[in-house]
Novice: 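Quick one: structure below, then a few questions.
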Amino acid sequence: MSGSQFNPPGAQLLHDIKRVVGDAGWMDVTDAQRHFDDPRGRFKGRGCLIVMPDKTEQVAAIVRACNGAKAGIVPYSGGTGVVAGQLSIDSDNAVILSLERMNKVREVSLDDGVIIAEAGCILENIHNAALEQGMMFPLSMASKGSCCIGGNLATNAGGIQVLRYGNARDLCLGIEAVLPCGTILSELSPLHKNNTGYDLRHLLIGSEGTLGIITAASLILKPVDPETATALLAIKSPAHALMVYKAIRQHLGDATSALELMSGLGLDLVTSMFPTLRNPLEHGSDWALLLEATGPLGIGERLETALTDCFENNLVLDAVVARSQSQRDNLWALRENTPEANRMSGAFCNSDTSVPISEVDAFINDTNAAIADIHPDVRINSYGHIGDGNIHHNVIPPAGVAKAEFLTSNPGIIDAVRMAINQTSHRHGGSISAEHGIGRLKTRDLEAFADKARYDAIRRIKVALDPNNIMNPGVLIN
Ligand SMILES: Cc1cc2nc3c(=O)[nH]c(=O)nc-3n(C[C@H](O)[C@H](O)[C@H](O)COP(=O)(O)OP(=O)(O)OC[C@H]3O[C@@H](n4cnc5c(N)ncnc54)[C@H](O)[C@@H]3O)c2cc1C
């Protein structure tokens, strides 16, 4: 990203912005270091002011003022994005617009089956607000205690239940947003059918703050299923994971809500980095599958019957079924602490690719081979949402070698590995970004791998809606 994309905001603009929000609504950058942290510790954000409006009208006034002065805005929700979309990494000139004070649940309507939440609501708080009404909001991921619904929608986040419920886009009925000219787009009505031209909600979802600021959303609630069954299975290969899924579907229909592939290496890393966690599978295996199904009473028994079939057909080597909520939490802790265990182990490349499900096994084998060609001793923790074809490859220095030392003696390896993964995914008909987005980190990759017509249309939409390029300049396209 070029710093020149952010015009320096003049003293008058900063004064006007502070007046819009009052004393409680802004922070000097020296007081706001958490807004500049990258969850993986790779970048440091910069900026000239943190502004924290608490009303949509305030957001609109700030955007109008910035648009008039052609000053750049970086929208910020929970700060858990992993592609530096929420961080101005090479310019001090950005106004950081944090939604943290817009954190109210405005309404829960059981008749409509929706919850209307402001953009700064933490995802887990939305889960809890839904549960209080006997309902659930199914979007979930390891960052749920920090990420906010505004960021989830801006990145069209995925997570662990996409298999059954879809990603953020599929769970949003309506949106309120401030467009780059400062107009408020108010489409929170929980209509399931609305064919009145372009669906601007879907244009804003996944736009990573480049087309406007999402201020609130109507989100779809689902009934809480009476029973949950969770199992951790030892399997021979990713191909076996998909065979198990097929077999389970024959017994449970579409009740499987999560299907997470984990590698033997990943389980070893997470249990060594978090000594309170234990891998309950008795015999080590190269691969494991964390599977969860929810449904009517009796789903647990049906899962066990399905697993018996899987054993008889040699699809599963070992299995542990959770008998209590705390055992279930322990199984999930193995998966949810995996990103942090990768970071602590010195991962220097964290991919977020997806391929058609039929290609997953070949994709994992081919990427592992391509990375081994670059450096035969690196460790590769391939894991992820295998039911959606979304695999994260985390590449880690050889055992006993520190990350800094490894990167110094292998210059260029980060780019080489990233390109090898992208090319392999592309060859298998996949995407270079399954759920994390493009941010500032992958703009060159998008340009290299996107279909030209698609890339050109994205550019033209951006220019049409944000002619002054004030909304998150440098994200998505450069
Ligand atoms: C441990 C861990 C696990 C994760 N697991 C997953 C996972 O399973 N699936 C997944 O999809 N992601 C995952 N992520 C990535 C991250 O949590 C998601 O991308 C999340 O949706 C970001 O939300 P946020 O509120 O933190 O957004 P931020 O980081 O604040 O922002 C993300 C992007 O959205 C823009 N933005 C933020 N708020 C708004 C707004 N109100 N309007 C317009 N633009 C806005 C920002 O400018 C930025 O470009 C994980 C991250 C971590 C650290």
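Numbering of ligands and ligand atoms starts at 1, following listing order. Just so it is clear, the model here is predicted, and its values are computed rather than measured.
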Novice: Please identify which of these residues, L203, L204, I205, meets the side chain to side chain contact (heavy atoms under 4.5 Å, CB included) condition with R201.
Specialist: I205

Novice: Can you pull out the closest protein heavy atom to atom 38 (N) of ligand 1? Residue, atom name and distance to 0.1 Å, please.
Specialist: S77 OG, 2.7 Å

Novice: Polar contacts were defined as any N/O atom of the residue lying under 3.5 Å from an N/O atom of the ligand; does this apply to G81 and ligand 1?
Specialist: yes

Novice: Can you list the atoms of ligand 1 that are under 4.0 Å from a heavy atom of L99?
Specialist: 41 (N)

Novice: Among A434, A154, S207, G151, whose heavy atom sits nearest atom 23 (O) of ligand 1?
Specialist: G151

Novice: Under 4.0 Å from any heavy atom of G212, which atoms of ligand 1 are there?
Specialist: 43 (C)

Novice: Can you find a side-chain donor-acceptor pair between R164 and T294 that sits under 3.5 Å?
Specialist: yes

Novice: Look at atom 20 (C) of ligand 1 and say which protein heavy atom is nearest, naming residue and atom and giving the distance to 0.1 Å.
Specialist: N152 ND2, 3.5 Å

Novice: Counting both backbone and side chain atoms, is some N or O of I160 under 3.5 Å from an N or O of ligand 1?
Specialist: no

Novice: Among I477, I438, L476, V475, which residue meets the side chain to side chain contact (heavy atoms under 4.5 Å, CB included) test with T443?
Specialist: I438

Novice: Any luck finding a side-chain donor-acceptor pair between N381 and S263 under 3.5 Å?
Specialist: yes

Novice: Heavy atoms only: which of R343, R440, Q86, H35 is nearest to atom 31 (O) of ligand 1?
Specialist: Q86

Novice: Run the numbers for me: atoms of ligand 1, each under 4.0 Å from some heavy atom of A142, listed by number.
Specialist: 3 (C)

Novice: Tell me which protein heavy atom sits closest to atom 5 (N) of ligand 1, plus the residue, atom name and distance to 0.1 Å.
Specialist: M141 CB, 4.0 Å

Novice: Between the side chains of E447 and R444, is the shortest nitrogen-to-carboxylate-oxygen separation below 4.0 Å, so that they form an ion pair?
Specialist: no

Novice: Using a 4.5 Å cut-off on heavy atoms from C-beta on, say whether the side chain of R454 contacts that of I458.
Specialist: yes

Novice: Are there more than 12 heavy atoms of other residues, nucleotides or ligands under 6.0 Å from atom NZ of K18?
Specialist: yes

Novice: Do the side chains of E118 and L99 get nearer than 4.5 Å, heavy atoms only?
Specialist: no

Novice: With a heavy-atom distance limit of 4.0 Å, tell me whether H436 approaches ligand 1 through its side chain, its backbone, both, or neither.
Specialist: side chain

Novice: What is the nearest protein non-hydrogen atom to atom 46 (C) of ligand 1, stated with its residue, atom name and distance?
Specialist: P75 O, 3.1 Å

Novice: Between the side chain of S431 and the main-chain N/O of S354, is any donor-acceptor distance below 3.5 Å?
Specialist: no

Novice: Between I213 and ligand 1, does any nitrogen or oxygen pair lie at a separation below 3.5 Å?
Specialist: no

Novice: Please confirm whether G78 comes within less than 3.5 Å of ligand 1 when only nitrogen or oxygen atoms on both sides are compared.
Specialist: yes

Novice: Looking at R34 and E100, is any side-chain nitrogen of the basic one under 4.0 Å from a carboxylate oxygen of the acidic one?
Specialist: yes

Novice: Establish, from distance only, whether the side-chain atoms of R440 and N472 form a donor-acceptor pair under 3.5 Å.
Specialist: yes

Novice: Determine, considering heavy atoms only, which of P339, G209, C147 sits nearest to atom 44 (N) of ligand 1.
Specialist: G209

Novice: Are the side chains of I364 and L261 in touch, meaning some heavy atoms are under 4.5 Å apart?
Specialist: yes

Novice: Does any N or O of ligand 1 fall below 3.5 Å from an N or O anywhere on Y76, backbone included?
Specialist: no

Novice: What atoms in ligand 1 come closer than 4.0 Å to a heavy atom of A157?
Specialist: 11 (O), 21 (O)

Novice: Return yes if a side-chain donor-acceptor contact under 3.5 Å exists between N93 and N7, otherwise no.
Specialist: no

Novice: What I'd like to find out is whether the side chain of L171 reaches to under 4.5 Å of the side chain of L219, using heavy atoms alone.
Specialist: no

Novice: Compute whether any side-chain donor of one residue and acceptor of the other, for N128 and E132, lie under 3.5 angstrom apart.
Specialist: no

Novice: With a 4.0 Å cut-off on heavy atoms, is N472 in contact with ligand 1?
Specialist: yes

Novice: One pair to check against side-chain contact (heavy atoms from CB on, under 4.5 Å): M27 and I96. What are the steps and the verdict?
Specialist: CA-CA 10 Å; M27 230 188 264; I96 315 299; over 6 Å; no

Novice: At a 4.0 Å threshold, what atoms of ligand 1 neighbour a non-hydrogen atom of H385?
Specialist: 8 (O)

Novice: Please list the nearest protein heavy atom to atom 28 (P) of ligand 1 with its residue and the distance rounded to 0.1 Å.
Specialist: G79 N, 3.5 Å

Novice: Would you say E340 touches ligand 1, if touching means a heavy atom closer than 4.0 Å?
Specialist: no

Novice: Does R40 approach ligand 1 within less than 4.0 angstrom via side chain, backbone, both or neither, non-hydrogen atoms only?
Specialist: neither

Novice: Would you mind checking which non-hydrogen protein atom is closest to atom 2 (C) of ligand 1, with the distance to 0.1 Å?
Specialist: S143 CB, 3.8 Å

Novice: Could you tell me whether V74 approaches ligand 1 through its side chain, its backbone, both or neither, with non-hydrogen atoms closer than 4.0 Å?
Specialist: neither

Novice: Among G159, C148, G437, which residue places a heavy atom closest to atom 8 (O) of ligand 1?
Specialist: G159

Novice: Please work out whether any backbone atom (N, CA, C, O) or any side-chain heavy atom from C-beta onward of I214 is under 4.0 Å from ligand 1, and answer side chain, backbone, both or neither.
Specialist: both

Novice: Just which atoms of ligand 1 are under 4.0 Å from any heavy atom in G85?
Specialist: 47 (O), 48 (C), 49 (O)

Novice: Hey, can you tell me if F348 and F406 have their rings parallel, tilted or perpendicular (30° and 60° cut-offs)?
Specialist: tilted

Novice: Considering only protein heavy atoms, which is closest to atom 33 (C) of ligand 1, and at what distance to one decimal place?
Specialist: T155 CG2, 3.6 Å

Novice: What residue and atom, counting heavy atoms only, is the protein's closest point to atom 10 (C) of ligand 1, and at what distance?
Specialist: E435 CD, 3.5 Å

Novice: If we set the cut-off at 4.0 Å for heavy atoms, which region of T80 has an atom near ligand 1: side chain, backbone, both, or neither?
Specialist: both

Novice: Is the ring pair H392/H436 parallel, tilted or perpendicular, if the boundaries are 30 and 60 degrees?
Specialist: parallel

Novice: Would you check whether P39 has a nitrogen or oxygen atom less than 3.5 angstrom from a nitrogen or oxygen atom of ligand 1?
Specialist: no

